[in-house]
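Beneath this line is the structure, given in structure tokens, with notes to follow.
Just so you know, residue 1 is the first one in the sequence shown, and it goes up from there.
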Amino acid sequence: MIIGAGPTGLTLALALSRYGLTFRIIERASGPSVVSKAIGIQARSLELFARLGVADALMENAIKINQGNLYVNGAWQAKLDFTDLNTPFPFVTLLPQSETERILETRLKEDGHTVERETELTGFAQFPTFVTASIRKHDVTETVDASFIIGADGANSFVRRELGLPFSGKSFKESWALADIEVDWPLSSEEVHIFFSDHGVIESFPLQSNLFRITGNLTNGTVPTDHSAIEDFLKNRAKVPFTLKKVHWYSMFRVHNRIIEKFGHHRIYLIGDAAHINSPVGGQGMNTGIADAMNLAWKLWCVHRFKASFPLLDSYSVERREAARGILRSTNLATELLQINVPFLLPLQEKVIRNSLKITPLHHYVTNRIAQLNSNYQSSRLFVTQGNFPLLTPRPGEPMPYSEVVNPRTKKMNCCCDGQIVTSCSCCSCRVKPVNRHCCRLKNWPIRIQTCSKPFRFTRN
């Protein structure tokens, strides 16, 4: 039983559908989200979505960001270049959350599953071999037995509250403003722009050709609530010439960094914002929830299909909490740095921004961190970490790097462009066609090798 049909709950539903498991997914809201909310889909999430068959549909409707620009007092200082990322998706994808949910739900319907809307969880009870959930729709209550309950019901999670789990962390003192605006200015509509000034910071993300999402900290606590106030808000911080045409909507929010101690409690598991929330800086929140869903899905499948023991499910909590904690630390630090508003420190800030990102290892670390490509599960008890491992190779618990399989004799990629059968698959001896360039043992891994015809049952974590 999946509670919540946001991006995280829908991702879990699609993954369970792919594994052939039966489930129900309920959502309290009467319809899909109609506002943009989270807009950033990182490279790691696209790798996961590719395994679910929705990456192409998402990218067709999205804006691909190859570069982020950093300015101080209107002057360009440095860039974050994502094109060097070692992934099939070396960019950041910007797509309104409403559109992401629409695409995921459409694919779920194609798989024969429907979100049960206007349906809410009102209570549950755990037993040794199952759970009982009470759900209500239009004042009609139903009792459902399920193997597990998965709480994907957001930051105000009913499941988390019913379990009595403390949501420990902190809230930032400063509030932030958020608006979707139409603006004409001499800046690329295919890149992200971040401006530092003596009035505070403002970030700009393109949604369409001249439609941008802007967000910035409110240093004086005054919320810009009309066209003129938002125009001043933008002018004082961006310090570039522009014409503000229209304000589509605006809002204010507080930044919170919170996480629960344990993501799983016997037969009840929490994923996404129900388990952790963080600053929107860097666009990490939704992507962390997507990774939660994919990590939990294959473990649930192993429990159902192979009768795997509960320690496997326990590893979900260990692995994903450590990953979420790392992201919380990063976004907390980034938010603190963005909120520094000391005018006489701006020249120093300018030098640091201009020079630090010229250091290749640091630039590489920052872009990979944003893309979530450097997450690992080395703390998990599932992996054998003792032994001798060659240098510059992945350690147990690290993700398989994006790579090409090259014929050592010809020094060429071992694939064929004309669709002919070219060789036998080394792992199962079947005849191979270079369809999606994936081997049967590694099918749906984002690496460039061949596809064989055998059905595939194992998947990367």
May I ask you to decide if [Y]'s main-chain N or O and [X]'s side chain share a donor-acceptor pair within less than 3.5 Å?
X	Y	value
Glu398	Gln378	no
Arg237	His199	yes
Gln67	Leu80	no
Gln42	Arg44	no
Ser17	Leu108	no
Glu99	Gln97	no
Arg213	Lys37	yes
Glu116	Thr114	no
Asn368	His364	yes
Thr106	Arg102	yes

[X] side chain to [Y] side chain, donor-acceptor N/O pair below 3.5 angstrom:
X	Y	value
Ser315	Lys299	yes
Glu191	Asn69	yes
Ser171	Arg258	yes
Asn217	Glu174	yes
Thr331	Ser279	no
Ser197	Asn73	no
Gln372	Thr288	yes
Gln339	Trp176	yes
His248	Glu182	yes

Closest non-hydrogen atom pair between [X] and [Y], with its separation:
X	Y	result
Asn278	Asn257	CA-OD1, 2.9 Å
Leu357	Ala78	CD1-CB, 4.0 Å
Ala177	Leu218	CB-CD2, 3.7 Å
Leu95	Asn61	CD1-O, 3.1 Å
Val281	Ala334	CG1-CB, 3.7 Å
Leu165	Lys262	CD1-O, 4.3 Å

Side chain proximity check, [X] to [Y], heavy atoms < 4.5 angstrom:
X	Y	value
Phe82	Pro90	no
Pro280	Val255	yes
Tyr365	Asn374	yes
His363	Ile359	no
Leu10	Leu14	no
Tyr250	Ile214	no
Ile150	Val159	no
Phe205	Ile39	yes

State plainly whether the residues [X] and [Y] are in salt-bridge range, i.e. N to O under 4.0 Å.
X	Y	answer
Glu261	Arg321	yes
Glu105	Arg117	yes
Glu47	Arg51	no

Between [atom1] of [X] and [atom2] of [Y], what distance do you get to the nearest 0.5 Å?
X	Y	atom1	atom2	result
Thr367	Leu373	OG1	CG	8.5 Å
Ile63	Ser189	CD1	OG	7.0 Å
Leu178	Trp249	CG	CH2	4.0 Å
Phe196	Tyr71	CZ	OH	12.0 Å
Ile370	Leu85	CD1	CG	9.0 Å
Asn287	Asp292	CG	CG	11.0 Å

Parallel, tilted or perpendicular: ring planes of Phe195 versus Trp185, cut at 30 and 60 degrees: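 The arrangement is tilted - the two ring planes meet at 30° to 60°.
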Please work out whether the ring planes of Trp301 and Phe306 are parallel, tilted or perpendicular, with thresholds of 30° and 60°. perpendicular
Is it possible for you to check whether Arg160 lies under 6.0 Å from the centre of the six-membered ring of Phe167, through NZ or CZ, and within 45° of that ring's axis? yes
Over-ring placement of Lys64 relative to Phe91, 6.0 Å and 45° cut-offs: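 The answer is yes; both the distance and angle limits are met.
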Other residues, nucleotides and ligands only: do more than 12 of their heavy atoms fall within 6.0 Å of [atom1] on [X]?
X	atom1	result
Glu190	CD	no
Lys239	NZ	yes
Arg28	CZ	no
His304	NE2	yes

For side chain to side chain contact (heavy atoms under 4.5 Å, CB included), just list the numbers for Ile26 and Val115, CA-CA rounded to whole Å, side-chain angles, deciding distance to a tenth of an Å, and then say yes or no. CA-CA 6 Å; Ile26 66 173; Val115 175; over 6 Å; no
Pair Thr93, Ile65 - check side chain to side chain contact (heavy atoms under 4.5 Å, CB included), show working. CA-CA 6 Å; Thr93 303; Ile65 302 297; over 6 Å; no
Candidate pair Ile271 and Asn295, rule side chain to side chain contact (heavy atoms under 4.5 Å, CB included), full reasoning: CA-CA 10 Å; Ile271 60 176; Asn295 183 290; over 6 Å; no
As a test of understanding, state which of Glu322, Glu319, Arg320 forms a side chain to side chain donor-acceptor pair (under 3.5 Å) with Ser380.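 Output: one option passes, namely Glu319.
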Going through the checks in order, is the ring-ring contact (aromatic ring centres under 6.0 Å, His included) test met by Phe263 and His276? CA-CA 9 Å; Phe263 288 13; His276 47 77; 5.8 Å; yes
Would you check, one step at a time, whether the test ring-ring contact (aromatic ring centres under 6.0 Å, His included) holds for Phe172 with His256? CA-CA 6 Å; Phe172 287 86; His256 307 275; 8.8 Å; no
Mind running side chain to side chain contact (heavy atoms under 4.5 Å, CB included) on Trp76 and Leu70 for me, showing each step along the way? CA-CA 6 Å; Trp76 183 90; Leu70 286 80; over 6 Å; no
